[in-house]
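As the structure is a computational prediction, the values presented were derived from the model and not from experiment.
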Amino acid sequence: MAGTTIVTPPALEAGTLRITPLGGLGEVGRNMTVFEYDGKLLIVDCGVLFPEEHQPGVDLILADMEPIRDRLRDIEGVVLTHGHEDHIGGVPYLLRNRNDIPLMGSALTLALTEAKLKEHRIKADTRVVREGQRLSVGPFDLEFVAVNHSIPDALAVVIRTPAGTVLGTGDFKMDQLPLDGRITDLRAFARLGEEGVDLFMVDSTNADVPGFTPTERAIGPVLEDVIGRSPRRVIVASFSSHVHRVQQVIDAAHKHGRRVALLGRSMVRNMTIAEDLGYLHVPDGVLIDYKKAKDLPDDKIVYMSTGSQGEPMAVLSRMANLDHAIEPGPGDTIILASSLIPGNENAVYRVIDGLTKLGATVVHKGNAKVHVSGHAAAGELLYCYNILKPRNVMPIHGEYRHLVANARLAQDTGIAADRTIIGENGTVVDLKDGDAKVVGQLDLGFVYVDGSSVGGVTENELKDRRILAEEGFVSIIVVVDAKTGKVISGPEIHARGMAEDDAVFDDIKPKIAAALAEAAGNGVRDTHALSQIVRRTIGRWVNQRLRRRPMIVPLVISA
């Protein structure tokens, strides 16, 4: 990480628990933390991060697993706190290297993970756990605690070792009126506080938001009102795993005599799993295949789709570009029932603009209460600190400003600043005798998934892609005499992605020929060296004359 001082951690002392986050700190995504005790490893979560605009062509970004690559046999298991992509999406890439690592999580979490693994043709060792359950995994004594989130069946995990007790919340909030009646188990939190929590690793995403996260139930009446007033088709976009939101849309549609069609492969897959496991309740006759939905009157259908983050290939973006069988128009209502993941703002607003141009009415969090966050705000976090009274705190899951805000909340409740750790990916923390201390900083990077390539794309290649996208491409072909070095043919220059016609390069051709002639006079015959001369000559000219820095690919052929 830029600006980070790399410090090699010392050998792990006996009786010490080492905690190393490989992802999820300083970012919203690719959550993954490694716990080590007595030579054995436990991993909590293994997620992905979605690319931003400055990472063209990248499909997913994984946590850097290099620190554990040679220690796969030491992994006792992976705990998955819930079924969101930023917590389970990296599991197939871990299991490619060792497919018998036990996976532990709730029934829904593991079902979603298994569906993902099936796409990668991986059969995993999955072990369903439940809130209140306690079990030993190697030297780790684990207990699972129910927490609220924007997906059912989320779990916090307690990790007990002789070195101390760690409580990791995963993603959570404290909705007192959840749709499924399953609240964050504050009684368990209080019991753990009495027992003593040596390190509290707590979700930070909304730490800079004052007050309390609104209840999910507040969304239902708003969706009912918007759907009830819509004159034509309704299209609701949300995360493909947001079971509660889909339930609310189904209930609202059913109340107004509409049927619901699910759009998007991941939406259909996840909701089928949720219904099969009893987490989604669908009245008879409400769901309809989207291919048959077009035969219904426009005021009798609600489409539930993916694409709420402006993803280019997701259903909603394709609709906005008129690249989908469903083409929104005047009288249609589009509801974006999700919050914006940091970094996706521009993409989402482009989709909103595109849909608005088509005449549709777009309802989103900015103009209606159609979404609430799945993360605890400052007020809820303060309650947690006061209930638990942890000895040490390490904020997780959030961009740097979120981690800092969370640490300040901890300090406001009386936790000393030197017991509040603001870490980064690769920060190594050792816990022993109630003390948590930073003992090292690993050099971690981004691991890019690009099609079938994992880790093959480097920062330099992304830079090349950005140059191609923003500055264009210039190729130069020159044939020189192998004996004399003089130009026989060319230079032949072609440009792509530049506003100027190729004729603009006529002025530089004599200068290239002159530079090659001078090099030949000095005895330079190596084609690579001559190519570099061509690159420098045209590069300076393009920069000065055209104010551009394109990718330049020279080819000097010796004949």
Side-chain angles (χ1 to χ4, degrees), residues 1-27 30-46 62-79 94 97-98 101 136-142 157-168 196-202 204 390-397 400 403-404 406-407 410 415-447:
M1 188 174 293
T4 299
T5 301
I6 305 304
V7 178
T8 302
L12 184 59
E13 295 182 2
T16 302
L17 175 65
R18 176 160 288 176
I19 303 106
T20 309
L22 302 184
L25 272 66
E27 60 195 0
R30 59 178 196 147
N31 298 278
M32 184 176 185
T33 304
V34 178
F35 296 82
E36 179 179 0
Y37 186 83
D38 196 21
K40 298 299 182 180
L41 306 179
L42 176 76
I43 295 173
V44 174
D45 288 328
C46 185
L62 305 177
D64 189 344
M65 303 182 197
E66 190 60 32
I68 61 171
R69 197 163 302 282
D70 296 331
R71 302 194 58 190
L72 296 173
R73 285 292 153 192
D74 295 333
I75 301 173
E76 294 287 345
V78 177
V79 173
L94 174 63
N97 300 302
R98 182 190 155 197
I101 299 174
S136 293
V137 179
F140 306 98
D141 178 2
L142 306 181
V157 60
V158 184
I159 303 170
R160 295 181 177 90
T161 68
T165 299
V166 178
L167 171 60
V197 173
D198 296 297
L199 180 63
F200 186 33
M201 301 180 69
V202 55
S204 305
R391 293 185 180 90
N392 303 273
V393 170
M394 186 176 183
I396 59 171
H397 195 289
Y400 198 78
L403 305 181
V404 171
N406 203 348
I415 297 170
D418 62 357
R419 289 185 174 270
T420 308
I421 299 170
I422 301 175
E424 299 178 351
N425 293 332
T427 297
V428 182
V429 176
D430 281 358
L431 176 66
K432 186 177 183 180
D433 298 330
D435 289 328
K437 296 180 180 178
V438 175
V439 297
Q441 176 65 51
L442 305 181
D443 184 13
L444 300 182
F446 293 96
V447 177

Nearest heavy-atom neighbours spanning [X] and [Y]:
{"X": "P67", "Y": "L22", "answer": "CG-CD2, 4.0 Å"}
{"X": "F35", "Y": "V44", "answer": "CE1-CG2, 3.5 Å"}
{"X": "P395", "Y": "A407", "answer": "CG-N, 3.9 Å"}
{"X": "C46", "Y": "L94", "answer": "SG-CB, 4.1 Å"}
{"X": "I6", "Y": "Q441", "answer": "CG2-O, 3.4 Å"}
{"X": "A436", "Y": "L199", "answer": "CB-CD1, 4.4 Å"}

Between [atom1] of [X] and [atom2] of [Y], what distance do you get to the nearest 0.5 Å?
{"X": "I19", "Y": "T33", "atom1": "CD1", "atom2": "OG1", "result": "9.5 Å"}
{"X": "E424", "Y": "L442", "atom1": "CD", "atom2": "CG", "result": "11.5 Å"}
{"X": "R71", "Y": "K40", "atom1": "CZ", "atom2": "NZ", "result": "9.0 Å"}
{"X": "N425", "Y": "T20", "atom1": "CG", "atom2": "OG1", "result": "11.0 Å"}
{"X": "R18", "Y": "D430", "atom1": "CZ", "atom2": "CG", "result": "4.0 Å"}
{"X": "E13", "Y": "L17", "atom1": "CD", "atom2": "CG", "result": "13.0 Å"}

Go through it in stages, so that I can follow the logic: the residues are V78 and L42, the test is side chain to side chain contact (heavy atoms under 4.5 Å, CB included), and I'd like the CA-CA distance, side-chain angles, deciding distance and then a yes or no.
CA-CA 6 Å; V78 177; L42 176 76; over 6 Å; no
Are any of the side-chain heavy atoms of [X] and [Y] separated by less than 4.5 Å?
{"X": "N392", "Y": "M201", "answer": "no"}
{"X": "I421", "Y": "V438", "answer": "yes"}
{"X": "K437", "Y": "V429", "answer": "no"}

[X] side chain to [Y] backbone, donor-acceptor under 3.5 Å:
{"X": "D198", "Y": "V166", "result": "no"}
{"X": "D64", "Y": "G445", "result": "yes"}
{"X": "R30", "Y": "G24", "result": "no"}
{"X": "S204", "Y": "I396", "result": "yes"}
{"X": "R160", "Y": "D141", "result": "no"}
{"X": "T165", "Y": "T161", "result": "no"}
{"X": "E27", "Y": "Y400", "result": "no"}

Applying side chain to side chain contact (heavy atoms under 4.5 Å, CB included), run through E76 and L41 and close with a yes or a no.
CA-CA 6 Å; E76 294 287 345; L41 306 179; over 6 Å; no
Side chain to side chain contact (heavy atoms under 4.5 Å, CB included) evaluation trace for I75 with I43:
CA-CA 7 Å; I75 301 173; I43 295 173; 3.8 Å; yes
With the threshold set at 4.0 Å, does a side-chain nitrogen-carboxylate oxygen contact exist between R391 and D435?
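No salt bridge links R391 with D435.
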Side chain to side chain contact (heavy atoms under 4.5 Å, CB included), paired with M394, selected from V202, L25, I422:
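When V202, L25, I422 are each tested with M394, the side chain to side chain contact (heavy atoms under 4.5 Å, CB included) holds only for L25.
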Give the intermediate values and the outcome of side chain to side chain contact (heavy atoms under 4.5 Å, CB included) for residues I159 and L142.
CA-CA 5 Å; I159 303 170; L142 306 181; 3.9 Å; yes
